[in-house]
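Step one of this worksheet: look at the structure below.
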Amino acid sequence: MKKILLICAAALTLSTSVFATAYETTVNRKISGAFDYAFSGANDVKWYTDDNKTFTAKFTMNHTKVNAYFDADGQLLVTSRYITGESLPFNVVNRLIKKYPDNKIQSVVEYTSAGGTVYLIMLEGEKTWTKVKSDETGTLTLMERLIKA
């Protein structure tokens with residue numbers, strides 16, 4: 001039960017900014033056109049906003065749940081999706097194994113923007129939960145460490 005609560009707390013930490021006061025909405029043609037161009041083949045698209053300046057599309061593509069964030073001018077800002085640990089680049093996995101040898105990958109959220117790709121990785125050890133950020137090169141940054149109760 002404690003594991004489930006910690007996983008839920010970690011997931012909420014990752015998504016707090018999107019769900020804080022976001023509500024379902026519709027978007028203008030500029031945004032929907034940019035979305036259609038970037039994500040042809042997307043299914044079950046729903047739009048959300050909390051400030052009418054940035055818009056989140058939540059959808060499924062190739063059996064994967066994806067979030068795409070757009071500004072009011074239709075510029076794609078970033079995409080996010082959950083991936084498996086096996087989908088991480090080898091250099092990221094290699095550095096995780098070296099730095100956190102007794103931890104298992106529990107969840108990975110991949111964020112992609114024009115600036116590159118970043119991974120938020122939740123690791124489970126015997127006595128801790130560890131949230132780590134990694135870029136494409138495998139540079140690791142400790143974000144948070146929680147002690148299991």
Side-chain angles (χ1 to χ4, degrees), residues 1-97 99-100 103-125 129-146:
M1 183 67 172
K2 289 179 184 177
K3 285 184 180 181
I4 293 172
L5 290 174
L6 286 173
I7 290 171
C8 290
L12 285 173
T13 300
L14 294 173
S15 61
T16 299
S17 64
V18 175
F19 295 110
T21 57
Y23 56 90
E24 194 167 348
T25 189
T26 58
V27 294
N28 64 37
R29 289 182 188 197
K30 189 184 282 188
I31 297 170
S32 65
F35 175 84
D36 291 341
Y37 180 77
F39 301 102
S40 72
N43 297 309
D44 305 319
V45 181
K46 291 189 179 181
W47 288 95
Y48 298 87
T49 189
D50 62 355
D51 61 5
N52 286 316
K53 294 178 185 175
T54 56
F55 300 87
T56 304
K58 294 179 178 235
F59 59 98
T60 304
M61 190 159 187
N62 299 326
H63 307 290
T64 301
K65 299 247 184 232
V66 181
N67 294 335
Y69 305 88
F70 289 84
D71 67 15
D73 292 326
Q75 286 289 106
L76 176 61
L77 304 172
V78 65
T79 60
S80 69
R81 66 184 179 141
Y82 282 96
I83 63 171
T84 63
E86 292 84 20
S87 298
L88 283 167
F90 177 74
N91 55 340
V92 174
V93 173
N94 193 34
R95 291 205 178 164
L96 284 169
I97 289 170
K99 191 160 184 171
Y100 304 99
N103 287 255
K104 294 182 181 179
I105 297 171
Q106 290 300 317
S107 65
V108 181
V109 180
E110 176 189 72
Y111 292 92
T112 304
S113 70
T117 301
V118 174
Y119 304 94
L120 286 183
I121 305 156
M122 184 60 74
L123 301 171
E124 181 182 12
W129 289 94
T130 305
K131 185 171 29 172
V132 177
K133 179 174 79 172
S134 177
D135 62 14
E136 298 163 312
T137 67
T139 301
L140 303 176
T141 304
L142 176 64
M143 302 299 289
E144 185 176 16
R145 177 166 282 152
L146 302 170

Notebook entry, point to check: Please walk me through it: do Asp44 and Phe59 pass side chain to side chain contact (heavy atoms under 4.5 Å, CB included)?
Noted result: CA-CA 5 Å; Asp44 305 319; Phe59 59 98; 5.8 Å; no
Next item on the list: Given side chain to side chain contact (heavy atoms under 4.5 Å, CB included), test Thr139 with Arg95 step by step and report yes or no.
Entry: CA-CA 8 Å; Thr139 301; Arg95 291 205 178 164; 4.0 Å; yes
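For the atom pair CG of Asp71 and CG of Leu77, the computed distance is 5.0 Å after rounding to the nearest 0.5 Å. Note that the NZ atom of Lys104 and the CG atom of Leu123 stand 12.0 Å from one another [nearest 0.5 Å]. Separation of atoms OG1 (Thr56) and CG (Asp50) is listed at 7.5 Å; rounding is to 0.5 Å. Rounding to the nearest 0.5 angstrom, the gap separating the CG atom in Asn103 from the CD1 atom in Ile97 is 11.0 Å. Within the model, atoms OG1 of Thr49 and OH of Tyr69 stand 12.0 Å from one another, a figure rounded to the nearest 0.5 Å. Summarising the geometry, atom NZ belonging to Lys65 is positioned 4.0 Å from atom OG1 belonging to Thr60; distances are rounded to the nearest 0.5 Å.
Evaluation of the ring-ring contact (aromatic ring centres under 6.0 Å, His included) rule for Phe55 yields no partner, not counting sequence neighbours. With sequence neighbours excluded, the residues that form a side chain to side chain donor-acceptor pair (under 3.5 Å) with Thr84 are Glu86, Ser87. With sequence neighbours excluded, no residue forms a side chain to side chain donor-acceptor pair (under 3.5 Å) with Asn91. Every residue meeting the side chain to side chain donor-acceptor pair (under 3.5 Å) condition with Thr54, not counting sequence neighbours, appears here in chain and number order: Asp51. In terms of the side chain to side chain contact (heavy atoms under 4.5 Å, CB included) criterion, Asn62 has no residue partners (sequence neighbours excluded). Taking the side chain to side chain donor-acceptor pair (under 3.5 Å) definition, one finds that Gln75 meets it with nothing, sequence neighbours left out.
Between the side chain of Asn67 and the backbone N or O of Lys58 there is no donor-acceptor pair closer than 3.5 Å.
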Show which side-chain atoms of residues 33-42 pair as donor or acceptor with protein atoms under 3.5 Å away, not counting sequence neighbours.
none

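The side-chain hydrogen bond (donor to acceptor under 3.5 Å, both in side chains) pairs that include a residue from residues 23-32 are Tyr23-Asn52, where partners are two or more places apart or lie in different chains. Pairs passing the salt bridge (charged side-chain N to carboxylate O under 4.0 Å, His left out) check and including a residue from residues 109-120, sequence neighbours excluded, read Arg81-Glu110.
Residues Thr79 and Ala68 approach most closely at CG2-CB, 4.1 Å, considering heavy atoms. Ile121 approaches Ser134 most closely through the heavy-atom pair CD1-CB, 4.1 Å. Between Val132 and Met143, the shortest heavy-atom distance links the atoms C-CG, 4.1 Å. Across every non-hydrogen atom of Glu136 and Tyr119, the tightest pair is CA-CE1, 4.4 Å. The shortest non-hydrogen separation linking Ala57 to Val45 is CB-CG1, 4.4 Å.
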